[in-house]
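First the structure, in the form of structure tokens, and then the observations on it.
In what follows, chains are A, B, ... by sequence order, proteins preceding strands, each numbered from 1. Hydrogens, waters and symmetry mates are skipped; everything else that's a heavy atom, side chains included, is used. It should be emphasised that the depicted structure is a prediction, and the values quoted were computed from it without experimental measurement.
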Number of protein chains: 2
Amino acid sequence: MDTLLAQPKQTFVNLPPEKRESIVRAAVSEFAEHGYQRASLNNIVKRLGISKGSLYQYFDNKEALFLHVFDHFTLQVKWYVKASVTGSGRDDFFGVARQVLLAGIAFIDSHPEYFQVYLKVLFERDVPRREELVARVRLFSLEYFGPLADRAMGQGLLRNDIPAHKVVFILDAMLDRFLQGYAQPYLDGGLALAGMSAGRLDDEIDSMVAVLRTGLQPSGTGE
Amino acid sequence: MDTLLAQPKQTFVNLPPEKRESIVRAAVSEFAEHGYQRASLNNIVKRLGISKGSLYQYFDNKEALFLHVFDHFTLQVKWYVKASVTGSGRDDFFGVARQVLLAGIAFIDSHPEYFQVYLKVLFERDVPRREELVARVRLFSLEYFGPLADRAMGQGLLRNDIPAHKVVFILDAMLDRFLQGYAQPYLDGGLALAGMSAGRLDDEIDSMVAVLRTGLQPSGTGE
DNA sequence: TCATAATGTGACCGCCTGGTCATATTATGG
DNA sequence: CCATAATATGACCAGGCGGTCACATTATGA
């Protein structure tokens, strides 16, 4: 699960870090804009001002470059989510959901193109090892919220007429859709999430979580 | 809003209906599999057993063919949704939501490739007139639920601490995500929606709507 | 200094793309 | 029957793709 998808060649590892980073950045940018299949290695080397031969000294082929980019993406996401939750109270199921949502927003703000790569993978058919890539991100979400939901259910903090896995589905759907809307303006259902001020965004998140609370907590529980 | 995006050439209109339909079907299939940019006209004519020159006698170019396909898609969707709601009680906001969800499922079942085309458009960047295309579908949803939500709010059937447009966002997000999960197995958050029996699917839909009800109705209202 | 290894280069390859057009085939109606 | 219009065809074009490779350049260390 935590193994890397692809290793670059030794030549790439030997590169000075700043050059490595600029190459990854250019690749992310190209994959974000065009998805996997339409992304052009010619474009990438042109942006970087290096020759195509060099790129092939760093990575075996287009697929290896792409998988390397995706490895970076998943590592970053997991780091963001884990960092956001430690410290805050882990007992409040919906509080954790709120934290994860905020972490997602923060990630998109600081790595907008990485998130675009992910969205492209979701809806492009012939991406190499696509199922595996998507599973890495989504299973992370399910594995993360699943146990939390089970525990909350055990403690009577969730409605018992809805199975825990369905609670996770609803939560996951809401969070994912919110982040998609934030990243892609025309997906936000008229909420104008994209480019919203941090304060107003917090309000949106709070009311979103409030609805989840009301809908998913046992009916007697106070707010 | 209801004007067509693109007209085929007269030669196409003159074709016998079954040939027209087979051409549209082949185009839908190709666009569904590869999205707009990677879809290949060569593939389409190969499948159909016609020459490329013929295709260009029917449509000005790739874009016109694609827009014609999308026109068909939007017309079908609107027809499905409208047909599903007439007859049932229009007063129950969440009942309507449930009907629309069922209509979406029915549409995907009978036109799976059309829905794939739509999903591809959502996440592909350089689709011609993409914003306009997406707006046609999403605005339909907003324009459809917006007034319903306003009315329900006026009748005190919705929580008054959440603005109506936010209610619409939540509803839209949930419906859309549910349909995406139904159409793309790896998006369903572990619910295994795809290929689910009709009965179990209805259960999933009912509990989804139940959560929405509980979360969005005024706190005193019964279920 | 110099042999060797590591790295950089871009012309080139076969393949596929959307699109064109001169030509062949078929339908039409006087 | 035949002239004309409508339609069908596929070889062809320029351009872009991922990938290769013989060669040029640079770094290394004895």
Side-chain angles (χ1 to χ4, degrees), chain A residues 6-24 26-27 29-31 33-70 120 124-129, chain B residues 6-24 26-31 33-70 120 124-130:
Chain A
Q7 255 96 28
K9 293 190 184 179
Q10 185 59 40
T11 312
F12 182 73
V13 181
N14 294 342
L15 249 34
E18 60 178 28
K19 183 157 189 180
R20 279 204 310 258
E21 284 157 22
S22 81
I23 289 172
V24 170
S29 178
E30 180 73 11
F31 286 122
E33 187 162 0
H34 299 296
Y36 176 77
Q37 291 288 351
R38 287 244 314 151
S40 157
L41 299 188
N42 290 330
N43 270 354
I44 293 175
V45 299
K46 207 182 299 168
R47 293 194 210 189
L48 288 167
I50 67 174
S51 70
K52 190 149 54 160
S54 285
L55 192 56
Y56 274 86
Q57 304 238 33
Y58 304 149
F59 297 92
D60 282 326
N61 48 33
K62 188 183 188 179
E63 176 174 334
L65 172 60
F66 173 72
L67 293 176
H68 181 73
V69 162
F70 204 89
K120 285 284 180 4
E124 197 175 335
R125 183 157 308 192
D126 36 11
V127 176
R129 302 165 73 174
Chain B
Q7 255 96 29
K9 293 189 183 181
Q10 184 60 39
T11 310
F12 182 73
V13 180
N14 294 342
L15 248 36
E18 61 177 28
K19 183 158 188 181
R20 279 204 310 259
E21 284 156 21
S22 81
I23 290 171
V24 170
V28 168
S29 177
E30 179 72 12
F31 285 121
E33 188 163 359
H34 299 296
Y36 176 77
Q37 291 289 350
R38 287 243 315 152
S40 156
L41 300 188
N42 291 329
N43 270 355
I44 294 175
V45 300
K46 207 181 299 168
R47 292 194 211 190
L48 288 167
I50 66 174
S51 70
K52 188 148 54 158
S54 286
L55 193 56
Y56 275 86
Q57 304 237 35
Y58 304 148
F59 297 92
D60 282 325
N61 48 33
K62 188 182 188 180
E63 176 174 336
L65 172 60
F66 173 72
L67 293 177
H68 181 72
V69 162
F70 204 89
K120 284 284 179 7
E124 196 175 333
R125 183 155 308 192
D126 36 11
V127 176
R129 301 165 73 175
R130 185 183 66 157

[X] side chain, from C-beta outward: closest of [options]:
{"X": "B/I50", "options": "C/dT9, D/dT9, C/dG18", "value": "D/dT9"}
{"X": "B/T11", "options": "C/dG8, D/dA8, C/dG18", "value": "D/dA8"}
{"X": "A/N61", "options": "C/dG8, D/dG19, C/dG19", "value": "D/dG19"}
{"X": "B/Q57", "options": "D/dG10, D/dT7, C/dG8", "value": "D/dT7"}
{"X": "A/N14", "options": "D/dA8, C/dT7, C/dG18", "value": "C/dT7"}

Interatomic distance, CD1@B/I23 vs CD1@B/I50, rounded to 0.5 Å, equals 5.0 Å
Q) Rounded to the nearest 0.5 Å, how far apart are CG of B/L55 and CG of B/L48? A)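 Going from CG on B/L55 over to CG on B/L48, the span is 8.0 Å.
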With sequence neighbours left out, the residues meeting ring-ring contact (aromatic ring centres under 6.0 Å, His included) with B/F66 are B/F31, B/Y36
Requested in this report: Tell me, please, which residues at least two apart from A/H68 pass ring-ring contact (aromatic ring centres under 6.0 Å, His included).
Outcome: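 Partners of A/H68 by the ring-ring contact (aromatic ring centres under 6.0 Å, His included) criterion, ordered by chain and then number, come out as A/F12, A/F59, A/H72.
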Residues that [X] engages under side chain to side chain contact (heavy atoms under 4.5 Å, CB included), provided they are two or more places apart:
{"X": "B/P16", "result": "B/K19"}
{"X": "B/R130", "result": "A/Q184, A/Y186, B/V121, B/V127, B/V134"}
{"X": "B/A6", "result": "B/L67"}
{"X": "B/Q10", "result": "B/V13, B/N14"}

Least distance between heavy atoms, [X] atom then [Y] atom:
{"X": "A/A27", "Y": "A/I44", "value": "CA-CD1, 3.9 Å"}
{"X": "B/N42", "Y": "B/V45", "value": "O-CG2, 3.2 Å"}
{"X": "A/N61", "Y": "A/Y56", "value": "CA-CE2, 3.8 Å"}

Quick note, salt bridge (charged side-chain N to carboxylate O under 4.0 Å, His left out) partners involving residues 34-55 of chain B, not counting sequence neighbours, are A/D126-B/R38, B/E30-B/R47, B/E33-B/R47
Salt bridge (charged side-chain N to carboxylate O under 4.0 Å, His left out) pairs touching residues 54-67 of chain B, sequence neighbours excluded, are B/K9-B/D60
Between [N] ([atom2]) and [X] ([atom1]): distance, integer Å:
{"X": "B/K19", "N": "D/dT7", "atom1": "NZ", "atom2": "C1'", "value": "9 Å"}
{"X": "B/Q10", "N": "D/dA5", "atom1": "CD", "atom2": "C1'", "value": "14 Å"}
{"X": "A/Y36", "N": "D/dC17", "atom1": "OH", "atom2": "P", "value": "14 Å"}
{"X": "A/L48", "N": "C/dT9", "atom1": "CG", "atom2": "P", "value": "11 Å"}
{"X": "A/I44", "N": "D/dC17", "atom1": "CD1", "atom2": "C1'", "value": "13 Å"}
{"X": "B/L55", "N": "C/dC21", "atom1": "CG", "atom2": "P", "value": "17 Å"}
{"X": "B/I23", "N": "D/dT7", "atom1": "CD1", "atom2": "C1'", "value": "12 Å"}
{"X": "A/F66", "N": "D/dG19", "atom1": "CZ", "atom2": "P", "value": "14 Å"}

- Query: For the helix from C/dT1-D/dA30 to C/dG30-D/dC1, how many degrees between its two end axes (five pairs per end), to the nearest 10°?
  - Reply: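 Angle reported: 10°, given to the nearest ten degrees.
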Every protein N/O lying under 3.5 Å from an N/O of nucleotides 26-30 of chain D:
none

Self-check item: Any donor-acceptor pair under 3.5 Å from A/E124 side chain to A/Q37 backbone
Solution: yes
What contact category does B/Y58 fall into here, base, sugar-phosphate, or nothing, at under 4.0 angstrom with non-hydrogen atoms? sugar-phosphate
Quick test: give all pairs of protein nitrogen or oxygen and nucleotides 11-17 of chain C nitrogen or oxygen below 3.5 Å, distance rounded to 0.1 Å.
residue: C/dT17; atom: OP1; partner: B/S40; partner atom: OG; Å: 2.9
residue: C/dT17; atom: OP2; partner: B/N42; partner atom: ND2; Å: 3.0

Protein-proximity profile, nucleotides 25-30 of chain C, B/S/- by nucleotide at the 4.0 Å heavy-atom cutoff, equals ------
*asked:* On the nucleotide D/dT7, are OP1 or OP2 found under 4.0 Å from the side-chain N or O atoms that B/S54 carries?
replied: no
